[in-house]
Amino acid sequence: MTFLPRPCEPCDPPGYAVLALPQEIDFCNAMGLLPMIMTAVRHHSGDLRVLVLDLTATRFMDSQGVRLLDEVRRRLRGRAELRVVAARQGVPTRVMELSGLRRDVPVHDNLAEALRPQSGTVGGPGGRAGGGTAS
């Protein structure tokens with residue numbers, strides 16, 4: 001008999017952490033999100049290879065969201081790779097594009113794509129950040 005995880009339990013693949021971000025990321029909550037994200041990174045300690053931030057439910061993001069993602073990327077440097085999942089035509093994708101952050105952080109259309117091995121390389125296969133899925 002196969003036991004499946006309960007829907008409320010995390011089921012991240014080994015070496016990966018997936019965190020869903022809120023509907024809005026702005027001045028009111030961006031800096032509060034940083035400690036929560038970094039706590040999740042510390043929770044995975046030495047086995048974390050890829051952190052996926054899921055922005056598919058995020059409908060609004062301003063420059064504070066860009067600062068948040070850039071700060072997470074900076075803090076992960078040398079420890080784990082950051083990948084983002086966001087709707088192709090959504091506000092977060094557009095904000096990351098306008099700010100230039102998409103050059104440094106791979107953005108994927110869906111979670112399955114972001115969890116694919118080797119899909120996070122900027123300009124590599126699978127990521128919208130330059131190859132695979134054109135935007």
Side-chain angles (χ1 to χ4, degrees):
M1 175 177 243
T2 302
F3 294 96
L4 299 175
R6 293 192 331 242
C8 61
E9 291 180 358
C11 54
D12 302 336
Y16 288 72
V18 179
L19 302 174
L21 295 184
Q23 287 186 339
E24 295 184 5
I25 303 173
D26 57 19
F27 179 77
C28 294
N29 66 352
M31 285 302 106
L33 291 170
L34 182 61
M36 292 188 303
I37 293 169
M38 297 317 295
T39 297
V41 168
R42 281 189 299 279
H43 173 73
H44 282 79
S45 62
D47 69 337
L48 183 66
R49 292 187 329 264
V50 177
L51 173 64
V52 179
L53 297 181
D54 186 348
L55 290 133
T56 54
T58 304
R59 301 291 174 242
F60 177 79
M61 183 173 96
D62 63 11
S63 62
Q64 294 302 312
V66 172
R67 285 182 184 202
L68 170 67
L69 296 176
D70 192 49
E71 182 65 17
V72 169
R73 180 181 64 89
R74 189 182 67 73
R75 291 185 182 200
L76 287 177
R77 194 168 289 140
R79 294 172 59 187
E81 176 186 351
L82 175 63
R83 298 180 189 175
V84 171
V85 178
R88 183 181 297 258
Q89 301 300 323
V91 170
T93 298
R94 186 70 177 139
V95 170
M96 286 184 286
E97 187 175 288
L98 290 171
S99 70
L101 187 63
R102 276 195 49 187
R103 288 187 305 256
D104 301 321
V105 177
V107 180
H108 301 276
D109 293 331
N110 58 62
L111 187 56
E113 184 179 286
L115 293 174
R116 207 172 289 139
Q118 303 299 325
S119 69
T121 56
V122 177
R128 270 190 275 152
T133 315
S135 56

Check: Taking only residues at least two apart or on different chains, which pairs with a member in residues 24-33 satisfy side-chain hydrogen bond (donor to acceptor under 3.5 Å, both in side chains)?
Finding: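 Not a single pair qualifies under side-chain hydrogen bond (donor to acceptor under 3.5 Å, both in side chains).
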Can you list, pair by pair, the side-chain donor-acceptor contacts under 3.5 Å of residues 69-76, counting residues two or more places apart and other chains?
{"residue": "Asp70", "atom": "OD1", "partner": "Arg73", "partner atom": "NE", "Å": "3.2"}
{"residue": "Asp70", "atom": "OD1", "partner": "Arg73", "partner atom": "NH2", "Å": "2.5"}
{"residue": "Glu71", "atom": "OE1", "partner": "Arg74", "partner atom": "NE", "Å": "3.2"}
{"residue": "Glu71", "atom": "OE1", "partner": "Arg74", "partner atom": "NH2", "Å": "3.3"}
{"residue": "Glu71", "atom": "OE2", "partner": "Arg74", "partner atom": "NH2", "Å": "2.5"}
{"residue": "Glu71", "atom": "OE2", "partner": "Arg75", "partner atom": "NE", "Å": "2.8"}
{"residue": "Glu71", "atom": "OE2", "partner": "Arg75", "partner atom": "NH2", "Å": "3.4"}

Next item on the list: Report the residues that fulfil side-chain contact (heavy atoms from CB on, under 4.5 Å) with Leu98, sequence neighbours left out, ordered by chain and then residue number.
Entry: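 Listed in chain order: Arg94.
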Item checked: Listed partners of Ser99 passing side-chain contact (heavy atoms from CB on, under 4.5 Å), at least two apart ->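 Partners of Ser99 under the side-chain contact (heavy atoms from CB on, under 4.5 Å) test: Val66, Leu101.
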Would you compute the distance between atom [atom1] of [X] and atom [atom2] of [Y] and round it to the nearest 0.5 angstrom?
| X | Y | atom1 | atom2 | value |
| --- | --- | --- | --- | --- |
| Phe27 | Arg67 | CZ | CZ | 10.0 Å |
| Leu21 | Met61 | CG | CE | 9.5 Å |
| Ile25 | Asp62 | CD1 | CG | 9.0 Å |
| Leu34 | Met38 | CG | CE | 6.5 Å |
| Met31 | Gln64 | CE | CD | 6.0 Å |
| Leu51 | Tyr16 | CG | OH | 12.0 Å |

Check: Does the pair Arg79 and Leu48 meet the rule for a side-chain contact (heavy atoms from CB on, under 4.5 Å), with working shown?
Finding: CA-CA 8 Å; Arg79 294 172 59 187; Leu48 183 66; over 6 Å; no
Do [X] and [Y] have side chains that get closer than 4.5 Å, going by heavy atoms?
| X | Y | answer |
| --- | --- | --- |
| Leu19 | Val52 | no |
| Leu115 | Pro13 | yes |
| Leu53 | Arg83 | no |

Note to self: Once salt bridge (charged side-chain N to carboxylate O under 4.0 Å, His left out) is applied, what residue pairs with a partner in residues 41-53 remain, sequence neighbours excluded?
What the structure shows: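 Every pair satisfying salt bridge (charged side-chain N to carboxylate O under 4.0 Å, His left out) with a residue in residues 41-53: there are none.
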Checklist line | Arg59: salt bridge (charged side-chain N to carboxylate O under 4.0 Å, His left out) partners, not counting sequence neighbours | finding: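 With sequence neighbours excluded, Arg59 shows a salt bridge (charged side-chain N to carboxylate O under 4.0 Å, His left out) to no residue whatsoever.
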Check: Of Asp104, Val84, Val105, Val91, which is the lone residue that meets side chain to side chain contact (heavy atoms under 4.5 Å, CB included) with Met96?
Finding: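 It is Val84; the other options fail the test.
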Check: Can you name the nearest heavy-atom pair linking Pro22 to Thr58, along with the distance?
Finding: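 Result for this residue pair: O-OG1, 2.7 Å.
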Notebook entry, point to check: Any link between Leu68 and Met36 through a network of hydrophobic side chains (Ile, Leu, Val, Met, Phe, Trp, Tyr) touching at under 4.5 Å?
Noted result: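 Result: yes, single cluster for both.
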Notebook entry, point to check: Between the side chain of Thr93 and the main-chain N/O of Ala87, is any donor-acceptor distance below 3.5 Å?
Noted result: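 Such a contact is found between Thr93 side chain and Ala87 backbone.
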